[in-house]
Amino acid sequence: LQAPMDVRIDMPWGYVVGRWYGNRQVRPILALHGWLDNLGTWDKLLPLMPRHLGVLCIDLPGHGYSSKLPEGIAYNFVDYLCVILRIMEEYGWQKVSLMAHSMSAMLCFLFASLYPHRTDLLVSIDIVKTRYRTAPSQIDYLRNNAEGFMLEDERFANAKRQEPPAYTYSELEQLLHKGSNQSVALENCHHILERNISRSTKFPDKYFFSRDGRCKYYTELYTSPPLAAELAKTIRNVPYCVIKGTESDFIDKQSDEVIAILRANNPHFELHEVPGTHHVHLNNSAGVAEVIYPFIMRHRPPLLDTW
């Protein structure tokens, strides 16, 4: 197997880093992680993927080793949509194959509905659509997001002078395990932590979270059910595989209408359940690979591929 290649893609505010696994002669699958995670989320799944296609995993802005946005600038779903477009531009891709978890699965639902003609494959782990909010809770969400961002932005400015709180490695594993609602199994936390922490300069045996705390207040696009339905209707001929973790409730009754539309309008839509939590791809990578492998072989078989 080809050793993975670290890549850096310049962005107007800095850069996005990634790691390109496997074949670099054909256009790869672009893999996008979930909220507050990083490309380490794919560590256990990648060795089980088809060998003829590479996978380019990236750290989204503010996550992993990618640049943080400048002081005073909040994270927004539009920025992340543009990251996909900028990567396509960087490599000269006319189309993109996407594999996404959680926050990025929502993002890719949006991307595929805006650019169905430029999306030739989408694998979504444990989310199928945008989230809904009632009008009153949307008002609270916007207020809390603005205030939370202001607080984190102040911390971000102070971090240049003052190191954030430090923890032992085992404390960090516990924090991540509990913070994910036990979704990331304790023994798998190191895959996410590797690119999320830095060694403390004050306490040699401790670490602090190095991801951008302002990402906690990332503004996602909440839609009404009618808007989500319209978005789903545009995804007509895109091979689209959704994998739900059996122990997770991220795909619930609220997803039924969008799933019904995708099933009715898109002959290449598939929904599978695999035993596991919201991070099913990390905790049960073999079960997820059993679904993804034949899906990719069907829709991007090992032919003479083009970019």
Side-chain angles (χ1 to χ4, degrees), residues 1-34 38-42 45-46 49-69 75-101 103-125 195 221 231 234-241 266 268 292-293 295-307:
L1 264 182
Q2 228 173 345
M5 177 175 76
D6 287 325
V7 301
R8 174 174 149 153
I9 301 148
D10 288 333
M11 297 279 156
W13 61 87
Y15 53 85
V16 158
V17 298
R19 191 166 275 175
W20 192 320
Y21 293 84
N23 189 357
R24 296 199 281 276
Q25 304 310 307
V26 297
R27 175 168 54 82
I29 293 170
L30 179 63
L32 306 172
H33 59 78
N38 54 68
L39 65 78
T41 198
W42 306 111
L45 182 61
L46 290 169
M49 297 279 284
R51 294 287 165 89
H52 70 286
L53 272 188
V55 182
L56 173 55
C57 308
I58 64 156
D59 290 336
L60 286 164
H63 297 73
Y65 296 154
S66 287
S67 289
K68 299 169 172 67
L69 293 183
Y75 290 87
N76 189 290
F77 76 94
V78 176
D79 302 317
Y80 287 176
L81 279 175
C82 290
V83 165
I84 300 174
L85 291 168
R86 289 180 196 282
I87 290 171
M88 292 173 74
E89 205 173 89
E90 171 77 16
Y91 289 108
W93 299 340
Q94 294 310 304
K95 297 195 171 207
V96 67
S97 301
L98 295 162
M99 181 167 73
H101 173 235
M103 170 185 78
S104 286
M106 283 184 229
L107 191 72
C108 290
F109 168 71
L110 278 172
F111 185 89
S113 59
L114 298 175
Y115 301 101
H117 57 293
R118 299 199 70 188
T119 310
D120 69 358
L121 180 146
L122 172 54
V123 175
S124 287
I125 311 285
R195 299 173 77 89
L221 176 66
L231 290 166
T234 70
I235 309 174
R236 289 188 167 270
N237 284 306
V238 179
Y240 193 168
C241 175
N266 187 347
H268 308 300
I292 291 178
Y293 196 104
F295 177 78
I296 290 171
M297 293 302 276
R298 214 167 27 255
H299 297 290
R300 279 201 64 189
L303 301 169
L304 190 61
D305 217 321
T306 64
W307 283 51

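All values derive from a computational prediction rather than experimental measurement.
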*Asks:* Return the minimal non-hydrogen interatomic distance between Leu81 and Leu110, and the atom names on each side.
*Replies:* CD2-CB, 4.4 Å

*Asks:* Just how far is it from atom NE2 of His117 to atom CZ of Arg236, taken to the nearest 0.5 Å?
*Replies:* 15.5 Å

*Asks:* Report yes if the side chains of Leu122 and Phe109 come closer than 4.5 Å at any heavy-atom pair, otherwise no.
*Replies:* no

*Asks:* Return the NZ to NE2 distance between Lys68 and His63, rounded to the nearest 0.5 Å.
*Replies:* 10.5 Å

*Asks:* Does some side-chain heavy atom of Arg27 sit less than 4.5 Å from a side-chain heavy atom of Lys95?
*Replies:* yes

*Asks:* If every non-hydrogen atom of Pro61 is compared with every non-hydrogen atom of Trp13, which pair is closest and at what distance?
*Replies:* CG-CZ2, 3.6 Å

*Asks:* Let's go through Tyr80 and Met103 carefully: what are the C-alpha distance in whole Å and the side-chain angles of both, what is the deciding distance for side chain to side chain contact (heavy atoms under 4.5 Å, CB included) to 0.1 Å, and is it a yes or a no?
*Replies:* CA-CA 10 Å; Tyr80 287 176; Met103 170 185 78; 3.8 Å; yes

*Asks:* Is Asn38 reaching over with its side chain to a backbone N or O of Tyr65, donor-acceptor style, under 3.5 angstrom?
*Replies:* no

*Asks:* Which is it for Val83 and Ile87 under the side chain to side chain contact (heavy atoms under 4.5 Å, CB included) test, yes or no, and what are the steps along the way?
*Replies:* CA-CA 6 Å; Val83 165; Ile87 290 171; 3.8 Å; yes

*Asks:* Which heavy-atom pair separates Ile84 from Cys108 by the least distance, and what is that distance?
*Replies:* CD1-SG, 4.4 Å

*Asks:* Would you mind reporting whether Val123 and Leu121 have side-chain heavy atoms less than 4.5 Å apart?
*Replies:* yes

*Asks:* Heavy-atom distance under 4.5 Å between the side chains of Leu85 and Tyr115, does that happen here?
*Replies:* yes

*Asks:* Any pair with a residue in residues 5-23 that passes salt bridge (Lys or Arg N to Asp or Glu O under 4.0 Å), sequence neighbours left out, goes on the list, sorted by first then second residue, please.
*Replies:* Asp6-Arg19, Arg8-Asp10

*Asks:* Give, for atom CG of Leu114 and atom OG1 of Thr234, the distance between the pair rounded to the nearest 0.5 Å.
*Replies:* 7.0 Å

*Asks:* First locate atom NE2 of His268, then atom CG of Asn237, and finally report the distance between them rounded to the nearest 0.5 Å.
*Replies:* 5.0 Å

*Asks:* Would you say Leu32 and Ile58 make side-chain contact, with heavy atoms under 4.5 Å?
*Replies:* yes

*Asks:* Specify the closest pair of heavy atoms between Ser66 and Asp59, including all atoms of both residues, with the distance to one decimal.
*Replies:* OG-O, 2.5 Å

*Asks:* Run Phe111 and Val96 through side chain to side chain contact (heavy atoms under 4.5 Å, CB included) and show every step you take.
*Replies:* CA-CA 10 Å; Phe111 185 89; Val96 67; 3.6 Å; yes

*Asks:* Please check: side-chain N/O of Ser97 versus main-chain N/O of Ile29, any donor-acceptor pairing under 3.5 Å?
*Replies:* no

*Asks:* Does the plane of the ring in Tyr91 sit parallel, tilted or perpendicular to the ring in Trp93? Use 30° and 60° as the thresholds.
*Replies:* parallel

*Asks:* For Arg300, is there any backbone N or O sitting under 3.5 Å from a side-chain donor or acceptor partner on His52?
*Replies:* yes

*Asks:* Using 0.5 Å steps for rounding, measure from the CD1 atom of Ile292 to the CD1 atom of Ile125.
*Replies:* 4.5 Å

*Asks:* Could you grab the distance from atom CZ of Arg86 to atom CD1 of Ile9, nearest 0.5 Å is fine?
*Replies:* 12.0 Å

*Asks:* Heavy atoms only: give me the nearest His33-Trp42 pair and the separation to one decimal.
*Replies:* N-NE1, 4.1 Å

*Asks:* Restricting to non-hydrogen atoms, name the atom on Ser124 and the atom on Tyr240 that form the minimum distance, rounded to 0.1 Å.
*Replies:* OG-CE2, 3.6 Å

*Asks:* Taking the side chain as everything from C-beta on, heavy atoms only, tell me whether Cys57 gets closer than 4.5 Å to Leu46.
*Replies:* yes

*Asks:* Taking the side chain as everything from C-beta on, heavy atoms only, tell me whether Glu90 gets closer than 4.5 Å to Val7.
*Replies:* no

